[in-house]
Structure formats: C-alpha cells, structure tokens
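Residue numbers run from 1 in the order of the sequence given.
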Amino acid sequence: MQQLSVETPGSPPSPRRSRLRPRLLRASLAAFLAVGGLVTAQSGSAGAAENPYERGPEPTVSSIEAPRGHYAVSETRVPSLGVTGFGGGTIYYPTSTADGTFGAVAISPGFTATQSSISWLGPRLASQGFVVFTIDTLTTVDQPDSRGEQLLAALDYLTQRSTVRGRVDSSRLGVMGHSMGGGGSLEAAKSRPGLQAAIPLTGWNLDKTWPELRTPTLVVGADGDTVAPVSSHSEPFYESLPGSLDKAYLELNGASHFTPNTSNTTIAKYSVSWLKRFIDNDVRYERFLCPLPRPSTTIEEYRGNCPHGVA
C-alpha cells in the first residue's frame, strides 16, 4: 500500500513537496507569461488591423508644427521629357522603407508659377510620412480644368511608372494646389471621386459650386487675398460642398493670395492633419481638427463639420 505523506501545521514540508513547489511556480509563471504575450500580440494585431496605415509616432502640436517630421526625406527629379500629361516635377519621399508603403499627394503651382513656388511643401509633408509630388504644368498659364487633369496624370505616373512607385499605396491619394492649382485640385477631386483628400490653397476657379465632390476637402483662404477674394472664391467653394461631406474652411489671418508660396506653419499644421486624417485614416490627428480651431493671430476663421467620419 502506498504511503501518504501528511503534513501538520508547523511541521516542515516533505522533501518531495519541496521539490515540486519550484517546478509548479516555474510552470505557472511560464503559462502566465505565455498568455500575457498572446494577449499583447493579439492586441497589437488588432491595433494594426484597426488601422494599418498609421505612420510615425504619436503626434503632438509641436510635431505637426515642426519644419520637419519624423522621417528623413529623399528626392528625385522627374524631367518633363520623360512624362506625358504634365510638366514633370520633383518627388519627395521618406527614405526609410521600414514602415511599408505611404499615401501620396500631388501639388500644383498657380498661374504663371512653377513648382518652385510650392516646393517648401515637398519635404515638409514627406517628412510626416507621405510621398509628395510637386509638379510643373504644361504651360504656366494653364487653367484650373487643365491643372486638375495634370494632377491626376502626375498621380498616375507616380503610382505606375515612377522609380518610387513601390513606396506608394495607390489606394491612398490626394491633391493640393495654389491659386489656379487650387482650383485644379477641386477639378481633380470632381473627376476622380476616389481621391482621399483635396486641399485648395487660396484657390481660384470660375466655377464656384462643387456639390459633386465626394473627397474630404479642406479649403484654405486668406483674409487679405485680392486676387481670389474669399468672398468670391474660397467661401463659395466651401459652402457649396455637400453637407454630408467631411469638409473644413480655414481662413488665414493677416495673409495674402501668395502666402502659400512660402513656408507657413498654419498651412502646414492643418494640411498635415487633414492628409493624415483622410489619406491615412489616422484618427490620432482628429484632435487637431475637432473641436474646430478657434480664431487666433494666424486664423481669421475656421468652419467645419465635426466629428469627422460621421455622415
């Protein structure tokens, strides 16, 4: 018959039980850590599945106002002779490939201008996690409808033929532009509803109504604009957009029609936030857009519908 070892209170444990305790503790700890690791892995996977397009660290006011973001930036020149449908340009892109592909935005200059007038936006936006294509137009006097077509041609080149096409997610694209280029960004969004974001900067267009747009649009105007006054351009553009559309109107304080041609923290801050929110679907940037920013030394007025993503 097997002998049972019985311990009375205060008596020393049997040698067999003493040996078992460390093993049991180790086994329990290993099981606990395994479950914990599984939960952590599942949580990480769930987060990634929730939004696989988040790029860069947690944003702060300082990070989106900074002249440069998290990513080092490289650039490549695209000669006009090597493309069709637009006038060439410069592609700015995050140097690292560790985070996979990026969303992209094409940017058009205004009337009589070249890409140099909006080149500051290239490295500034790219360093926040975008591939950015600042373009030259076929002629410097091209009208908004032509500039819209050229923005789309540039995006097609970027995603299909460019040397950095492997870095671009072709399902996450946007357009920007200054003056007639801004009017062109509205034309591009009208022609291609699948675009994720549009930002006309002190835009000019003879067409004042845009009820057809399905692209989240940030309209940027300037209180001192005498070329495309907000009362006859940016404000009617914004007001004509569908009420169900994610849209916003930013009127710069103490600014002119040509303010977007030089580095501007307010333009960059809200452009980055808008592009991140709608091209990357990165809700971490929602807090910079909603609740609506209040008037300040740089903001004359800000309108919009909040929260975003709610019809």
Side-chain angles (χ1 to χ4, degrees), residues 55 66-97 99 101-142 144 146-170 172-182 184-185 188 195-202 220 258-264 267-268 271-272 274-276 279:
R55 298 290 182 268
R68 291 292 180 274
H70 170 73
Y71 293 96
V73 174
S74 298
E75 64 181 79
T76 182
R77 186 79 175 88
V78 179
S80 59
L81 294 176
V83 300
T84 56
F86 66 105
T90 304
I91 303 172
Y92 303 85
Y93 57 95
T95 304
S96 171
T97 58
D99 288 343
T101 57
F102 297 90
V105 58
I107 309 176
S108 168
F111 188 65
T112 73
T114 65
Q115 63 163 318
S116 63
S117 67
I118 38 90
S119 63
W120 71 273
L121 284 162
R124 189 146 186 174
L125 297 180
S127 68
Q128 296 284 352
F130 296 101
V131 176
V132 183
F133 199 176
T134 59
I135 69 167
D136 280 316
T137 47
L138 294 172
T139 78
T140 58
V141 296
D142 290 330
S146 175
R147 289 171 192 267
E149 294 172 358
Q150 293 180 61
L151 282 167
L152 297 179
L155 287 176
D156 291 341
Y157 172 84
L158 183 63
T159 57
Q160 297 168 20
R161 295 178 50 209
S162 74
T163 58
V164 299
R165 60 188 180 278
R167 298 172 183 263
V168 181
D169 182 343
S170 60
R172 298 187 291 123
L173 305 175
V175 287
M176 296 178 66
H178 171 241
S179 191
M180 282 195 179
S185 70
L195 293 176
Q196 302 298 303
I199 306 178
L201 303 170
T202 59
V220 179
F258 300 101
T259 293
N261 290 156
T262 54
S263 180
N264 183 281
I267 290 174
S271 295
V272 167
W274 196 262
L275 297 174
K276 284 285 190 178
I279 288 183

Closest contact, heavy atoms only, [X] versus [Y]:
X	Y	answer
Trp120	Pro123	O-CD, 3.7 Å
Arg161	Arg165	O-NH1, 3.4 Å
Ile91	Tyr157	CD1-CE2, 4.5 Å

Once you round to the nearest 0.5 Å, how far does [atom1] of [X] lie from [atom2] of [Y]?
X	Y	atom1	atom2	answer
Ile267	Ile118	CD1	CD1	12.0 Å
Thr134	Leu125	OG1	CG	10.5 Å
Leu275	Gln128	CG	CD	10.0 Å
Leu151	Leu158	CG	CG	12.0 Å
Leu138	Ser80	CG	OG	9.0 Å
Leu155	Gln150	CG	CD	12.5 Å

Mind checking whether [X] and [Y] have side chains closer than 4.5 Å, heavy atoms only?
X	Y	result
Ile107	Ile135	no
Phe258	Ser179	no
Val78	Ser162	no
Pro109	His178	no
Arg172	Thr101	yes
Arg124	Tyr92	no
Tyr93	Thr76	yes
Thr90	Arg77	yes

Verdict with reasoning, Thr97 to Arg167, per side-chain contact (heavy atoms from CB on, under 4.5 Å): CA-CA 7 Å; Thr97 58; Arg167 298 172 183 263; 3.3 Å; yes
Heavy-atom donor-acceptor pair, [X] side chain to [Y] backbone, under 3.5 Å:
X	Y	result
Asp136	Thr114	no
Arg147	Thr137	no
Ser119	Ser116	yes
Ser185	Met176	no

Phe86 and Phe133 aromatic ring geometry - parallel, tilted or perpendicular at 30°/60° bounds: perpendicular
Result of checking Ile199, Leu201, Asn264 against Leu121 for side-chain contact (heavy atoms from CB on, under 4.5 Å): Leu201
Trace of the side-chain contact (heavy atoms from CB on, under 4.5 Å) decision for Val168 with Leu173: CA-CA 9 Å; Val168 181; Leu173 305 175; 4.1 Å; yes
Val220 vs Trp274, side-chain contact (heavy atoms from CB on, under 4.5 Å): CA-CA, chis, key distance, verdict: CA-CA 12 Å; Val220 179; Trp274 196 262; over 6 Å; no
